[in-house]
Protein chains: 2
Amino acid sequence: MTDIAPDRGRRQRRPTGDDRERAILATAERLLEERGLGDISVDDLARGAGISRPTFYFYFPSKEAGILTLLDRVAEEARAIRGRALERAGRDVPEIWRQGLVSILETFRQHQPLMLAVANMSSGNDEVRRLWGEIIDGFVADTVLGIDSELQRGVALEGIPARELAIALNWMTERVFHVALSGQEPAIAEHRALEVVLRIWSRAIYGDDGLGAGAGWSTLGG
Amino acid sequence: MTDIAPDRGRRQRRPTGDDRERAILATAERLLEERGLGDISVDDLARGAGISRPTFYFYFPSKEAGILTLLDRVAEEARAIRGRALERAGRDVPEIWRQGLVSILETFRQHQPLMLAVANMSSGNDEVRRLWGEIIDGFVADTVLGIDSELQRGVALEGIPARELAIALNWMTERVFHVALSGQEPAIAEHRALEVVLRIWSRAIYGDDGLGAGAGWSTLGG
DNA sequence: TGACATTGTCAACACTGTGTTGATAGGTTT
DNA sequence: AAACCTATCAACACAGTGTTGACAATGTCA
């Protein structure tokens, strides 16, 4: 047993054939734009990366483990996008809501096929479900902070525990963006999804639409 | 009504071996309680129903088609439950919301493993996605009627088109109940899910929690 | 009642995809 | 140059899908 970190679901690797690994992941994301994960074979991924099928197994123990690694990287990127967005928002809480939602939508847009594949896998694969849950949970934690802050200022409605409210709102957001982008019916048109979701957040937290029209609003500190 | 309608995805059948078909479906629902659809083979289904694998194909063209038939029947049952629930609610609109949500939760509870399998399949299988979408769309249509009625009475908030609001709320409900029952994280505890969702519906439609405490409320006609 | 269609059944096959083994070639270290 | 990694793949064993063709059992009506 080496002392390399137990790198979830992916075989431990050392520097060199790193290009190959990236080639495999790039192939995966490219092929996911054409068809579902179920219609992509290990052979497709291997050939796409210029290697034979058994060699694929040198890099990943399975197709799913590859997707997991991909999701890991996208999650990293998403955190970065979100971090910048929330920084832009500063202490203006409603702007935090808007920027938070924009960053989720952005990530969905940029990796739509992967997101679909992940949604697909997440009931069959514990590891993927856990990681996806962690991502959402990060959003939920941010949301709870915002709600608590608005509760303390006396501008948010009481009556629903902040975490439960945050969980429901974030799952709503995930699902609405998902159907808007995937064409699943019934869906909200893609260009309307952000506004509708934002207004519902506003009503659920404050009891009215403050955010929709860009009206001046509560700003923390100042 | 003839009894040999062009029955989506399932080979047309005439009376006799009907028991076999039901045995297959019963086996499917039973096995789904133990493991995911991906881990159930056609052979498992066939043996569970006391037939050989090729004979399975006499009844259904594939595993997925079987699940589709199952979903069809559950959808039928769900409509019946919902119909009775809404009848109980009469013209008391908030009670319509509550009863509508209760009936969704009820259906989820009674067929949880099937629901998981369906959620799993629905990104890979057009037919399942369509049928699932139709079910949700039925809920959405009911919801739109309720919102319009409350708008006309002047008690609901304007600002979000009724159908868009209804779509978002119904997908939220689907997702929140799904994670609550499946143990996916982050989730709202099963015994809290109904109340939280109901309050968010209330805030999103009216701007406050009328429904939570069981307070007396708008009753249409009467 | 006996020819005939219909319904139901399955052994055996062809095929696709997965994951493993064992052999091998090149590059580093010792 | 021997021991040792990293990387590679042909060949294999296996699991599951879907199809074919032959065969029984059950009407059915001439």
Side-chain angles (χ1 to χ4, degrees), chain A residues 1-4 7 9-28 31-32 34-69 117 120-121 124-125 127-128, chain B residues 2-5 7 9-28 31-32 34-69 117 120-121 124-125 127-128:
Chain A
M1 220 30 79
T2 60
D3 52 349
I4 307 281
D7 210 340
R10 153 162 56 107
R11 208 177 280 189
Q12 70 281 9
R13 297 252 11 282
R14 286 197 256 329
T16 8
D18 216 28
D19 323 346
R20 285 285 158 77
E21 182 170 320
R22 259 176 296 134
I24 291 171
L25 296 180
T27 303
L31 292 183
L32 280 174
E34 296 167 13
R35 44 201 210 269
L37 186 60
D39 294 331
I40 298 172
S41 70
V42 171
D43 201 49
D44 294 333
L45 296 176
R47 284 178 188 284
I51 56 178
S52 75
R53 202 170 56 80
T55 301
F56 172 93
Y57 289 103
F58 180 81
Y59 292 98
F60 298 101
S62 70
K63 211 165 51 171
E64 283 73 21
I67 298 300
L68 198 62
T69 301
N120 239 6
M121 283 172 65
N125 186 315
E127 207 51 38
V128 168
Chain B
T2 65
D3 46 355
I4 349 176
D7 213 340
R10 151 161 58 106
R11 209 175 278 186
Q12 72 282 7
R13 301 249 10 283
R14 287 201 256 328
T16 8
D18 215 29
D19 323 344
R20 284 287 155 78
E21 181 170 321
R22 261 176 296 132
I24 292 170
L25 296 179
T27 303
L31 291 183
L32 280 173
E34 296 166 13
R35 43 200 211 268
L37 186 61
D39 294 333
I40 298 171
S41 71
V42 172
D43 202 48
D44 293 333
L45 296 176
R47 284 178 188 286
I51 56 178
S52 75
R53 202 169 54 81
T55 301
F56 172 93
Y57 289 101
F58 179 82
Y59 293 97
F60 300 100
S62 70
K63 209 165 54 171
E64 283 72 21
I67 298 299
L68 198 63
T69 301
N120 243 2
M121 282 171 67
N125 186 312
E127 205 55 34
V128 169

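These values consider heavy atoms only, across backbone and side chains, with no hydrogens, waters or symmetry-generated copies. A, B, ... follow the sequence lines: proteins, then strands. Residue 1 opens every chain. Worth saying up front: this structure is predicted, and the values here are computed from it rather than measured.
- The nucleotide whose nearest atom lies closest to any side-chain atom of B:Ile51 is, among D:dT17, D:dA11, C:dC10, C:dC10.
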For this session: For side chain to side chain contact (heavy atoms under 4.5 Å, CB included), just list the numbers for A:Asp43 and A:Phe56, CA-CA rounded to whole Å, side-chain angles, deciding distance to a tenth of an Å, and then say yes or no.
Result: CA-CA 8 Å; A:Asp43 201 49; A:Phe56 172 93; over 6 Å; no
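- Taking atom OH on B:Tyr59 and atom P on D:dG18, their separation rounds to 18 Å, with Å as the unit.
- Taking atom NZ on A:Lys63 and atom C1' on C:dG17, their separation rounds to 9 Å, with Å as the unit.
- Atom CG in A:Leu45 sits 9.5 Å away from atom CZ in A:Phe60 (nearest 0.5 Å).
- Here the P atom of nucleotide D:dT26 and the CG atom of B:Asp18 are 17 Å apart, to the nearest Å.
- For A:Arg35 and C:dG17, the CZ to C1' distance is 13 Å, given to the nearest whole Å.
- A donor-acceptor pair under 3.5 Å is formed between the side chain of A:Lys63 and the backbone N or O of A:Ile40.
- Proximity of a side-chain donor or acceptor of A:Asp44 to a complementary backbone N or O of A:Ser41 within less than 3.5 Å is detected.
- Using a 4.0 Å heavy-atom criterion, one finds that A:Ser41 contacts the sugar-phosphate atoms exclusively.
- Computed from coordinates, the A:Leu37 CG to C:dT18 C1' distance equals 14 Å when rounded to whole Å.
- Set against C:dG19, D:dA11, C:dC10, the side chain of B:Ser52 has C:dC10 as its closest nucleotide.
- Picking from C:dC10, C:dG19, C:dT18 the nucleotide with the shortest atom distance to the side chain of A:Ser62 gives C:dG19.
- For the pair A:Arg53 CZ and C:dG17 C1', the computed distance is 7 Å after rounding to whole Å.
- Rounded to a whole Å, the CZ atom of A:Arg47 is 11 Å from the C1' atom of D:dC9.
- When the P atom of D:dC23 is taken as reference, atom CZ of B:Phe58 falls 19 Å away, rounded to whole Å.
- Residue B:Thr55 places at least one side-chain N or O closer than 4.0 Å to OP1 or OP2 of C:dC10.
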